[in-house]
Amino acid sequence: MCFLAEEDQGALPSKGDFSAWYNELLWRAEIMDVRYPVKGLYVWYPFGFSLRRNVYDLLRLLLDRDHQEALFPLLIPEHELAKEAEHIKGFEDEVYWVTHGGLSPLDVKLALRPTSECAIYPMYALWVRSHADLPLKIYQIVNTFRYETKHTRPLIRLREITSFKEAHTVHTTWEDAERQVEEAIALYREFYGRLCVPVIVSRRPEWDKFPGADYTMAVDTVMPDGRTLQIGTVHHLGDHFSKTFQITYEDVAGEQRFAHQTCYGISERSIAALISMHGDDRGLILPPDPAPVQVVVVPITIGKRKDEVSAEVAGIEKELAAAGFRVKVDSRDIRPGAKYYYWEMRGVPLRLEVGPRDIDAGQVTVVTRLGEKSQVPRNALVAGVTERLASFAATLKERAEAHVRTRIRVSRSMDEVLAAVEDGVTLVPWCGSRECADLIEEKTRAAVLGTDVRSMYLVDASGPCVACGKQGITALVGRSY
RNA sequence: GGGGUAGUAGGGUAGCCUGGUCCAUCCUAGAGCGUUUGGGACGCUUUGACGGCAGUUCGAAUCUGCCCUACCCCA
C-alpha cells in the first residue's frame, strides 16, 4: 500500500475520498489532534485554535451589534434540567452526570450541560421584570457535552462540543420572537458569507425540531461528498420555557405575562464546513478573514545577497503588519519549495516571494493559494496585497457556490431522489406527512431535512408527492452528517 | 445497542499462532553537524515503541482476563 514515497511525496489522500482526506488534513494542517484518549474528545492544536479564534471573533463581531456576552455554569442540577418535559426527553439519552463530590455521592445529581436553556432560564426568571427589560439578547460561547452514541468525528460529531455559541433571547410577544428568528438567520447568513460558505436555510419537520421549540429553522451546507452538514439552528421557543421557568414580565397595562423566547446556536461545525468547502488535495484553503496567517513571505536567499534579501523581507513584514495584515516571514533554513508546501497545507491565502531578481526589478512576486502568480511593484505593496486578498475571497466564494449549485437537483420521483442523493441534495415535492418522509428515508437513506427552503439556488418543486402522489410542497432531502 | 478486526517509536509496517533476555524495518517523523537554497536537497551521526491494568511464567510485544481507544459491518 505504501506507494506514496515514489509517486507523490507528502500528498494528502485525494479530496474525492472525502473522509480520508478530512481526517488526514486535520492533523497535517495542525487543526486537531485526534489522539486524545477519550472517545469523541479532540485537541485543538495552536494553529487550529488560532483559526478557531478568528472564526469566533467574526461571530462575536456580528453578535455584539445588539447582543451581550455572558457566561453561565457548566453544571445543571437535575431538577432544573428535568423541568421542561419535552426538552429533557430530547436529551436524556445523551447527558453526562456528575454524581460524586470526591468520594461522597451528591444529594442532587449535576448534569454537564448538553445545551444551556436550563442553566440560563432560571436566571432569566429573576432578571426579567418588566416589558422595559425586553428584548433581552444574551449569548455565550462555551463547551457542551453530549454522550453521542453514533460514530464520532472531529469537529462534526463530538462528545464535547468545545465551541458552542448559543444565543438566548426573550421577547414580549410571539411575533417579536419570530422577528428575532429572522434576524438570527440573517446574522448567520452574514457570518457564513464571511467564511465564503454557501448555506441553505429550511424549516425542520415537526419531528426533527429542537425539543421544546415551536419550530426550528436550520442552516445547512453541502459537503464535498454531497452530504449535508447542519451548521446552525434557530429555534422559536414560544412560551414553553417561560411557562416552565416562570419568565414573566409586567406589560404596559400592569398585567403579568409570559415572555416569548428564541435560542440559536453555531458550533465548531462551522469550522468543519469552512475547511471542507474550500480545501483541496494540497491542504487547507482559507479565506482571508479567518486565516491565522494571511500573507506568508518566503525569502529566496542566495549566497552573498542574503543580507540584502533579509533586509528587504524585514521591511515588507513591517509594512504589511502596520497595514493590519497577519503576516509571517518564513526564514527557516529549508528550501523554498518545502516552505511552499508547508504553507499551502495550512491554507495561507497569499504567498510573497522575495529574491534578488525581485529586488532588482523593484517588485514582489505574489502567488495566491489557488496558484495565480503575479508581480506587485514594491512601492505599491499594501494596495496590491489588499486587492489580491479581496479577489481571492471573491473567487473562493464563487467556487463554493458553484459546488453547491451543481449539488442541488430537483427530483420528481423516488428513483430520481435515489440518484440525486448519491452525491448531493435534492428538492422534491412532498405531501408533508411523516409516513411519506419515512418512506423516502427507507428507500433512499436520505431524510426530509426541511420545508420553506431558502437558497439562492431555489427552484420550485411543488407537485405530486414522490411517495404518495398527493399534492406536495417543496422539501429539501439529503443524506446528512 | 449487537457483532467483527485491530492497537508495536512522530507516522506506517513485520514479528504474535509456536514465549527466550539487544525489539527489526520503512518514511514527507524528531535531534545534531556540514554542504545547500526561484517548487518537497544531500551526506554523516543520533533519538525513540510493544494501548492500560492484572494474571500465568525462570522469562511476555507474543498466552489468559478485564478495561480503554480506533476502524468496519449490522440495527
Side-chain angles (χ1 to χ4, degrees), chain A residues 1-14 17-43 45-47 92-96 146-160 280-284 296-310 312-313 316 329-346 348 350-376 378 438 441-443 445 447:
Chain A
M1 263 322 267
C2 193
F3 50 83
L4 291 177
E6 283 188 34
E7 288 193 7
D8 193 0
Q9 288 189 357
L12 284 171
S14 160
D17 183 0
F18 175 67
S19 219
W21 175 88
Y22 180 78
N23 289 138
E24 180 99 356
L25 176 62
L26 285 177
W27 79 265
R28 291 281 294 276
E30 293 185 293
I31 307 290
M32 309 291 296
D33 195 327
V34 302
R35 293 174 300 181
Y36 190 77
V38 179
K39 181 180 168 66
L41 275 54
Y42 308 97
V43 177
Y45 280 112
F47 185 82
E92 63 189 352
D93 292 344
E94 311 190 331
V95 174
Y96 279 93
R146 296 178 192 179
Y147 188 79
E148 292 285 353
T149 51
K150 288 183 195 161
H151 187 202
T152 55
R153 206 183 275 273
L155 301 179
I156 292 177
R157 191 174 298 282
L158 305 156
R159 288 189 171 176
E160 179 191 10
D280 66 9
D281 288 356
R282 290 187 166 197
L284 280 184
V296 64
V297 185
V298 178
I300 311 295
T301 54
I302 304 170
K304 290 177 195 166
R305 302 188 66 180
K306 195 167 180 173
D307 292 343
E308 195 184 341
V309 170
S310 298
E312 177 80 348
V313 163
I316 287 171
V329 172
D330 190 345
S331 49
R332 289 178 296 171
D333 187 22
I334 53 176
R335 298 171 77 93
K339 295 178 185 179
Y340 301 163
Y341 283 100
Y342 180 91
W343 292 108
E344 281 165 1
M345 183 63 74
R346 284 157 185 76
V348 176
L350 278 195
R351 177 176 80 234
L352 307 189
E353 301 173 17
V354 182
R357 293 208 299 258
D358 298 297
I359 294 176
D360 292 343
Q363 67 182 27
V364 174
T365 298
V366 180
V367 188
T368 72
R369 178 58 181 76
L370 292 170
E372 300 146 339
K373 194 168 191 168
S374 59
Q375 272 74 33
V376 173
R378 175 65 187 85
D438 287 346
E441 181 151 12
E442 186 185 315
K443 292 199 169 178
R445 290 195 298 119

A.B. asks: Which part of the nucleic acid, if any, lies within reach of A:R332 when heavy atoms closer than 4.0 Å are counted: base, sugar-phosphate only, or nothing?
C.D. replies: nothing
A.B. asks: Set out, in order, the CA-CA distance, both residues' side-chain angles and the distance that settles side chain to side chain contact (heavy atoms under 4.5 Å, CB included) for A:I31 and A:Y45, then state yes or no.
C.D. replies: CA-CA 5 Å; A:I31 307 290; A:Y45 280 112; 5.7 Å; no
A.B. asks: Under 3.5 Å, is there an N or O donor on one side and an acceptor on the other linking the side chain of A:E344 and the base of B:G39?
C.D. replies: yes
A.B. asks: For side chain to side chain contact (heavy atoms under 4.5 Å, CB included), just list the numbers for A:I300 and A:D358, CA-CA rounded to whole Å, side-chain angles, deciding distance to a tenth of an Å, and then say yes or no.
C.D. replies: CA-CA 10 Å; A:I300 311 295; A:D358 298 297; 5.5 Å; no
A.B. asks: Could you check which of B:U36, B:G10, B:G40 has an atom nearest any side-chain atom of A:D333?
C.D. replies: B:U36
A.B. asks: Rounded to the nearest Å, what distance is computed from the CZ atom of residue A:R28 to the P atom of nucleotide B:G10?
C.D. replies: 17 Å
A.B. asks: Nearest whole angstrom, please: distance from the C1' of B:G12 to the CZ of A:R35.
C.D. replies: 13 Å
A.B. asks: Please state the P separation for the pair B:C27 and B:C42 - nearest whole angstrom.
C.D. replies: 11 Å
A.B. asks: Separation of A:R305 atom CZ from B:U36 atom C1', in whole Å?
C.D. replies: 19 Å
A.B. asks: Does A:R357 offer a backbone N or O that forms a donor-acceptor pair with the side chain of A:D360 under 3.5 Å?
C.D. replies: no
A.B. asks: Specify the residue among A:T149 and A:V367 whose closest nucleotide of RNA chain B lies further upstream toward the 5′ end.
C.D. replies: A:T149
A.B. asks: Over all heavy atoms of both residues, which pair between A:L12 and A:R282 is shortest? Give the atoms and the distance, please.
C.D. replies: CD1-C, 4.0 Å
A.B. asks: Find the partner of B:A24: check Watson-Crick (N1-N3 plus N6-O4 or O6-N4) and G-U wobble (N1-O2, O6-N3) distances, both under 3.5 Å, and reply none if neither fits.
C.D. replies: B:U13
A.B. asks: Figure out the CD1/C1' separation between A:I300 and B:U36, and round it to whole Å.
C.D. replies: 14 Å
A.B. asks: Report the base-pairing partner of B:A49 (Watson-Crick or G-U wobble, both distances below 3.5 angstrom), or none.
C.D. replies: none
A.B. asks: Between B:G4 and B:C22, how many Å separate the two C1' atoms, rounded to a whole number?
C.D. replies: 37 Å
A.B. asks: Which base, if any, makes a Watson-Crick or G-U wobble pair with B:A75, both distances under 3.5 Å?
C.D. replies: none
A.B. asks: Do other residues, nucleotides or ligands put more than 12 heavy atoms under 6.0 Å from the OH atom of A:Y147?
C.D. replies: no
A.B. asks: What does B:U18 pair with, Watson-Crick or G-U, if both distances are under 3.5 Å?
C.D. replies: none
A.B. asks: Does any part of the side chain of A:Y42, heavy atoms only, come nearer than 4.5 Å to the side chain of A:L26, both counted from C-beta?
C.D. replies: no
A.B. asks: How close or far is atom P of B:G40 from atom CG of A:D330, stated in whole angstroms?
C.D. replies: 15 Å
A.B. asks: Check the distance between B:U28's C1' and A:R335's CZ and give it to me in whole angstrom.
C.D. replies: 15 Å
A.B. asks: When rounded to the nearest Å, what value does the distance between C1' atoms of B:G51 and B:A61 take?
C.D. replies: 12 Å
A.B. asks: Measure the distance between the ring centre of A:Y340 and the centre of the six-membered base ring of B:G39, then answer whether it is under 5.5 Å with planes under 30°.
C.D. replies: no
A.B. asks: Tell me the closest heavy-atom pair linking A:P299 and A:S331, and the distance in Å.
C.D. replies: CG-CA, 4.4 Å
A.B. asks: Hey, are A:T368 and A:E372 close enough side-chain-wise for a donor-acceptor pair under 3.5 Å?
C.D. replies: yes
A.B. asks: With a 6.0 Å cut-off (strictly less than), is the heavy-atom count around NZ of A:K39, excluding the residue itself, greater than 12?
C.D. replies: yes
A.B. asks: Between B:U45 and B:A9, how far is it from one P atom to the other, in whole Å?
C.D. replies: 24 Å
A.B. asks: Carefully, step by step, assess A:R351 and A:W343 under the rule side chain to side chain contact (heavy atoms under 4.5 Å, CB included).
C.D. replies: CA-CA 8 Å; A:R351 177 176 80 234; A:W343 292 108; 5.9 Å; no
A.B. asks: Just the rounded figure in Å: distance from C1' of B:G40 to CD1 of A:I334.
C.D. replies: 9 Å
A.B. asks: Between the side chains of A:S19 and A:R153, is a donor N or O closer than 3.5 angstrom to an acceptor N or O?
C.D. replies: yes
A.B. asks: Which heavy atom of A:A29 sits nearest to which heavy atom of A:M345, and what is that distance?
C.D. replies: CB-O, 3.5 Å
A.B. asks: Please enumerate all protein N or O atoms sitting under 3.5 Å from an N or O of nucleotides 67-73 of chain B, with distances to 0.1 Å.
C.D. replies:
residue	atom	partner	partner atom	Å
B:U69	OP1	A:K39	N	3.4

A.B. asks: Which listed nucleotide (B:G10, B:G40, B:G1) is nearest to the side chain of A:A338?
C.D. replies: B:G40
A.B. asks: Rounded to whole angstrom, note down the C1' distance from B:C63 over to B:U46.
C.D. replies: 36 Å
A.B. asks: Taking RNA chain B as the partner, which of residues 351-365 of chain A come within under 4.0 angstrom of it by heavy atom?
C.D. replies: A:R351, A:E353, A:G355, A:P356, A:R357, A:D358, A:T365
A.B. asks: Pairing check on B:A54: which nucleotide meets the Watson-Crick or G-U wobble criteria with it, both distances under 3.5 Å?
C.D. replies: B:U64
A.B. asks: Suppose you measure atom P in B:A54 against the same atom in B:G11; what distance do you get, rounded to whole Å?
C.D. replies: 25 Å
A.B. asks: Just how far, in rounded Å, is P of B:A75 from CZ of A:R445?
C.D. replies: 11 Å
A.B. asks: If I pick the P atom on B:C23 and the same atom on B:U35, what distance separates them, to the nearest angstrom?
C.D. replies: 39 Å
A.B. asks: Counting only Watson-Crick pairs (N1-N3 plus N6-O4 or O6-N4) and G-U wobbles (N1-O2, O6-N3), all under 3.5 Å, who is the partner of B:U36?
C.D. replies: none
A.B. asks: Rounding to an integer number of angstrom, what distance separates B:U57 and B:A14 when you compare their P atoms?
C.D. replies: 32 Å
